[in-house]
Amino acid sequence: MTTTSPPPVTEAMLLRDFSLEMTGKDTSKLDEARGAIPPGTRINVTYLGNENLQMRLDAARAVNGFGFVPVPHISARRLTSRDELKVFLAALREHDAQAQVFAVGGDPAQPHGPYADSLQIIRSGLLQEHGVRGVGISGYPEGHPQISRETLWSALAEKANALAAEGLSGDIITQFGFDANAVLTWIEEVRGRDIELPIRVGVPGPAGVKRLMTYATRFGVGTSASIARKYGLSLTNLMGTTGPDRFLTALAAGYDAARHGEVKLHFYTFGGLDTTSRWIDAFRKGLK
């Protein structure tokens, strides 16, 4: 009996149903970029400390209005009270932007209120009460500069189990990185720990090298000479700009559905929402 190997995964296959990220300040830029974004694309709306409720709601409403799927972030440690979370969720529901959210611990070292991490948000009972059906959670293929590896794995498993217990669907969005092999190795370990949630691999959109290096330093992302060279980063020309072309090619070449499960892409728009969206559109067309 002969067996047929599955066809190789291509960049175009990974780019199906990709997601994007925007801030509350990017609402006008979304209008400029929307022609390059496929209808129904998930667009995450961040929860930054320098943006208020109205900015976040305006962004989520714009995402909805242009025919995309809003995925508002909830930053646990930025919330000052349970009532603040209820107000936010109620406002999202009023604008039909509550079905999918992304729960993250957030940047503050100390909680501003009762929630120390995203697990407490998932277990609060408030999400389902306000019509939330799915929750995204964070993954860190290269670790976290302030959190131990053991703690990260324990938290990921706890959140995956909590989502199932609460009757919520979910997925994992990873921190961005430049090393496709490190990402694939991490995904394989996720599956080895019996965590079967779909994974969206974080990819930096095209941006200046200096900006990418700044974010990499902030989030503990590896930028050794060999990794930078494979990705296409020039550590001697910080004024240059680079995109994730090589990263996507390497990711597609190493991806095996049997070992890695369901994998999609999530683009961090460090170089701008419009720039990233148009780059993806051009890259996809170039693959046809």
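Since this is a predicted model, take the numbers as computed values, not measurements. Throughout, residue positions are numbered sequentially from 1 according to the sequence presented.
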Just by distance, with hydrogens left out, do Gln128 and Glu166 show a side-chain donor and acceptor under 3.5 Å apart?
-> yes

With under 30° as parallel and over 60° as perpendicular, where do the rings of Trp279 and Phe267 fit, or are they tilted in between?
-> tilted

Val69 and Val101: same hydrophobic cluster, using ILVMFWY side-chain contacts below 4.5 Å?
-> no

Asn161 side chain to Glu158 backbone, donor-acceptor under 3.5 Å | no

Derivation and outcome, side-chain contact (heavy atoms from CB on, under 4.5 Å), residues His260 and Glu188 | CA-CA 5 Å; His260 300 119; Glu188 195 165 355; 4.1 Å; yes

Full working for side-chain contact (heavy atoms from CB on, under 4.5 Å) between Leu30 and Asp274 | CA-CA 7 Å; Leu30 180 61; Asp274 186 50; over 6 Å; no

Can you check whether Met55's main-chain N or O pairs, donor with acceptor, with Asn52's side chain at less than 3.5 Å?
-> yes

Passes side-chain contact (heavy atoms from CB on, under 4.5 Å), Arg246 versus Thr249? Steps please.
-> CA-CA 5 Å; Arg246 296 184 187 181; Thr249 299; 5.6 Å; no

With a 3.5 Å cut-off and no angle check, do the side chains of Ser148 and Thr151 form a donor-acceptor pair?
-> yes

Check ion pair Asp281-Arg278 (N to O, under 4.0 angstrom) | no

Aromatic ring pairing Phe176/Phe270, orientation class (parallel under 30°, perpendicular over 60°, tilted between) = perpendicular

Pro141 versus Ala182, closest heavy-atom pair with distance | CB-O, 4.4 Å

Does any non-hydrogen side-chain atom of Gln175 lie less than 4.5 Å from one of Glu142?
-> no

N/O donor-acceptor pair under 3.5 Å between Arg259 side chain and Arg191 backbone | no

Please check if the side chain of Asn64 supplies one atom and the backbone of His95 the other of a donor-acceptor pair under 3.5 Å.
-> yes

Taking atom CZ of Arg133 as the centre, report whether more than 12 heavy atoms of other residues, nucleotides or ligands fall under 6.0 Å from it.
-> no

pair Leu197-Leu163: side-chain heavy atoms closer than 4.5 Å | yes

So, do Trp153 and Glu189 sit near enough that their side-chain heavy atoms are less than 4.5 Å apart?
-> yes

What is the distance from atom CG of Leu14 to atom CZ of Arg284, rounded to the nearest 0.5 Å?
-> 12.0 Å

Common cluster, Phe102/Leu152, ILVMFWY with side-chain heavy-atom separation under 4.5 Å | no

Verify the neighbour count for atom NZ of Lys264: are there more than 12 heavy atoms of other residues, nucleotides or ligands below 6.0 Å?
-> yes

Hey, could you give me each pair passing side chain to side chain donor-acceptor pair (under 3.5 Å) that has a residue in residues 37-47? Not counting sequence neighbours.
-> Arg42-Asp171, Asn44-His73

ILVMFWY cluster, Ile147 and Tyr215 together (side-chain gap under 4.5 Å) = no

Mind checking whether His266 and Tyr268 have parallel, tilted or perpendicular rings, split at 30° and 60°?
-> perpendicular

Name the atoms and distances for all side-chain donor-acceptor pairs under 3.5 Å in residues 83-92, with sequence neighbours left out.
residue: Glu84; atom: OE1; partner: Thr80; partner atom: N; Å: 2.6
residue: Glu84; atom: OE1; partner: Thr80; partner atom: OG1; Å: 2.6

Between Phe18 and Pro38, the two heavy atoms sitting closest are CZ-CD, 3.7 Å

Do NZ/NE/NH1/NH2 and the carboxylate oxygens of Lys25 and Asp58 come within less than 4.0 Å?
-> no

Under-4.0 Å salt bridge between Asp117 and Arg123 | no

Are the charged groups of Asp31 and Arg34 less than 4.0 angstrom apart, N to O?
-> yes

Before giving the answer on side-chain contact (heavy atoms from CB on, under 4.5 Å), spell out for Met22 and Val45 the whole-Å C-alpha distance, their side-chain angles and the decisive distance to 0.1 Å.
-> CA-CA 5 Å; Met22 64 178 283; Val45 179; 4.2 Å; yes

Student check: side-chain heavy atoms of Val135 and Leu127 closer than 4.5 Å = yes

Thr269: side-chain contact (heavy atoms from CB on, under 4.5 Å) partners, not counting sequence neighbours = Leu20, Leu273, Thr276

Do Tyr140 and Ile199 belong together in a cluster built from hydrophobic side chains that touch within less than 4.5 Å?
-> no

